[in-house]
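Each chain gets a letter, A, B and so on, in the order its sequence line appears, and its residues count up from 1. This one's a predicted model, so the numbers in the text were calculated from it and none came from an experiment.
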2 protein chains.
Amino acid sequence: MAGIDPSLVRALPLFSKLSAAELDMLLEQATLRRFAVGEAVFEQGAAATQFFLLLHGRLKVTQVTADGQQIIVRMVHPGDIFGFAKALQRDDYPGTPTASAESVVICWPTQVWDLFIEKNPHLAVNAMQTIGQRLQEAHTRIREMATEEVERRVAHAVLRLIIQAGKTESAGIRIDFPISRQDIAEMTGTTLHTVSRILSAWEAKGLVKGGRQKLLVRDATALRELAEGD
Amino acid sequence: MAGIDPSLVRALPLFSKLSAAELDMLLEQATLRRFAVGEAVFEQGAAATQFFLLLHGRLKVTQVTADGQQIIVRMVHPGDIFGFAKALQRDDYPGTPTASAESVVICWPTQVWDLFIEKNPHLAVNAMQTIGQRLQEAHTRIREMATEEVERRVAHAVLRLIIQAGKTESAGIRIDFPISRQDIAEMTGTTLHTVSRILSAWEAKGLVKGGRQKLLVRDATALRELAEGD
DNA sequence: GATACTGCTTGCGCCAACGCAACGATACTG
DNA sequence: CAGTATCGTTGCGTTGGCGCAAGCAGTATC
């Protein structure tokens with residue numbers, strides 16, 4: 001299924017400096033795949049034969065520990081590339097990206113990566129910036145987990161979600177994909193129970209409005225104050 | 001102070017694919033600086049005008065939170081590059097690298113980075129792999145902080161230290177630079193007190209041998225078992 | 001070799017958050 | 001539209017690890 005419409009990816013910063021011809025060449029090698037909710041694009045530990053770009057939808061990248069506990073490493077939003085393990089000198093994928101919403105993904109064979117980096121330094125620079133930003137997000141999260149208590153961590157997580165996936169509605173800002181209490185727990189390193197209690201308390205104070213796999217932020221300012229200590 | 005001996009860096013994987021001429025050109029632009037224990041190479045938030053490579057010694061990269069708490073983001077070991085904020089699309093440094101031991105550092109102006117990436121794709125690929133590895137370490141740490149209890153986190157941290165800075169002695173493996181209980185606490189997201197208690201318990205069991213800013217691992221195998229659950 | 005300093009240890013009380021458990025509520029399914 | 005599965009809420013007992021505080025032991029200073 002080659003021949004993807006360039007207009008789909010033209011606007012992405014990752015490809016901003018590529019010529020039309022280069023972009024065409026890149027897209028010729030690509031395949032388009034669709035994933036239903038709950039489906040995994042690939043499995044943790046599988047051989048890294050492809051890398052990907054999320055066109056539409058939403059993915060959560062999870063890792064499982066030896067004793068079966070699961071955490072959400074990060075969310076993948078439209079326009080993000082993911083699964084480029086080979087570029088990071090790995091032969092297998094470190095996590096499992098699962099569709100939280102119906103998703104459309106562009107897939108490339110890993111060989112294409114090296115080829116294009118070689119021919120196009122811009123792409124390397126852009127990719128490095130992408131990874132760099134991710135590294136910083138990771139460090140932020142480490143700092144939060146080390147120093148902040150659960151309620152503030154959850155506040156930060158929710159704020160991040162409304163930045164990356166917030167849809168403004170009349171009643172507030174809605175998180176634009178199905179997200180469970182369990183998900184939030186796995187993003188903040190706590191339990192489903194604690195998240196539920198915190199969200200209930202917030203709802204009583206009018207900060208948010210919950211629902212089954214739904215979350216609406218009514219007062220982002222108050223939430224931001226809560227996230228930064230008093 | 002230009003004209004650094006190429007033999008100092010020749011062996012580093014980062015420069016492995018550079019020709020002698022390219023390496024010379026790179027080193028012409030560099031400066032060598034020395035830091036005493038406790039000195040900072042640069043301060044968190046300062047404008048990123050240079051990037052660096054640690055030749056000799058040991059640095060700890062710290063971040064301070066708004067309310068004054070400190071954490072150690074990572075350790076810098078000889079051969080590591082650090083402070084390449086500009087490559088990550090930042091104008092300021094996200095953390096402060098402080099010398100834990102007497103250290104020698106190569107410094108380049110940031111402009112050199114773009115120049116060399118452009119001219120030498122290998123360097124870009126190598127740098128990306130370096131950042132990629134760091135990203136994975138960060139994810140590992142996030143997973144540990146989310147799922148493991150303090151004792152196991154400390155065990156993992158110590159194991160990582162003996163890999164990166166272990167010097168085998170007759171009595172066991174010594175960590176090759178001054179490290180305090182407070183440091184270990186800031187690496188694992190806990191308090192000095194808890195670390196002290198844990199290390200005391202380990203010492204009673206003959207796993208380690210402590211001391212002022214010293215740590216000797218007597219039984220790495222037992223420590224590894226402790227780090228992985230039972 | 002006395003003084004100050006900095007880093008390490010240990011005891012004790014306390015609380016945030018976990019784990020268990022039971023119960024509601026909402027969405028899918030045939 | 002009953003039946004079932006999934007997701008969310010809430011109560012309660014327990015506990016890991018934090019914070020305080022006091023004391024100890026090396027290391028540097030003059």
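Around atom CZ of A/R34, no more than 12 heavy atoms belonging to other residues, nucleotides or ligands sit under 6.0 Å away.
The distance from atom NE2 of A/H193 to atom P of D/dT14 is 17 Å, rounded to the nearest whole Å. Straight-line distance from the CD atom of B/E203 to the C1' atom of C/dC8: 11 Å, rounded to whole Å. Across the protein-nucleic acid pair, B/L192 atom CG and C/dG11 atom P stand 16 Å apart, rounded to whole Å. One can place CZ of A/R197 at 9 Å from P of D/dG11, the figure rounded to the nearest angstrom. Atom-to-atom, CE of A/M145 to P of C/dA17 comes out at 13 Å; the value is rounded to the nearest Å. As a whole-Å value, the separation of A/W202 CH2 from D/dT9 P is 13 Å. Between B/E151 atom CD and D/dC18 atom C1' there is a gap of 16 Å when expressed in whole angstrom units. To the nearest angstrom, C1' of C/dG7 lies 14 Å from CG of B/L215.
Ring-centre distance between A/W108 and A/F52: not below the 6.0 Å cut-off. Proximity of the aromatic rings of B/F82 and B/F51 is defined here by a centroid distance below 6.0 angstrom, and this criterion is not met.
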Nucleotides 26-30 of chain D: which of its N/O atoms have a protein N/O under 3.5 Å away?
none

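The shortest heavy-atom contact between B/R33 and B/C107 is CD-SG, 3.7 Å.
Pairing of C/dC12, defined by two Watson-Crick or G-U wobble distances under 3.5 Å, is identified with D/dG19. Base-pair partner of C/dG30: D/dC1 (Watson-Crick or G-U wobble, both distances under 3.5 Å).
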message: With salt bridge (Lys or Arg N to Asp or Glu O under 4.0 Å) as the criterion, how do B/E144 and B/R160 come out once you've worked through the C-alpha distance, each side chain's angles and the decisive distance to 0.1 Å?
response: CA-CA 13 Å; B/E144 286 176 9; B/R160 235 166 285 152; 2.6 Å; yes

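Taking side-chain N and O atoms only, B/T190 has a distance below 4.0 Å to OP1 or OP2 of D/dC18. Proximity of B/S200 to the phosphate of C/dT10: a side-chain N or O atom is located under 4.0 Å from OP1 or OP2. Applying the 4.0 Å criterion to OP1 and OP2 of D/dG8, one finds that A/S196 has every side-chain N and O outside that range. Side-chain nitrogen and oxygen atoms of A/T194 include at least one within less than 4.0 Å of the OP1 or OP2 phosphate oxygen of C/dC18.
Listed by first and then second residue, the side-chain hydrogen bond (donor to acceptor under 3.5 Å, both in side chains) pairs that reach into residues 37-48 of chain B come to none, sequence neighbours excluded.
Side-chain contact check for A/R90 and B/Q133: no donor-acceptor pair (N or O, by modelled atom type) lies under 3.5 Å. With no hydrogens or angles considered, no side-chain donor-acceptor pair links A/Q63 and B/H139 at under 3.5 Å.
Within residues 170-183 of chain B, no residue has any heavy atom closer than 4.0 Å to DNA chain D.
Here the side chains of B/I184 and B/V154 are in contact, with some heavy-atom distance below 4.5 Å.
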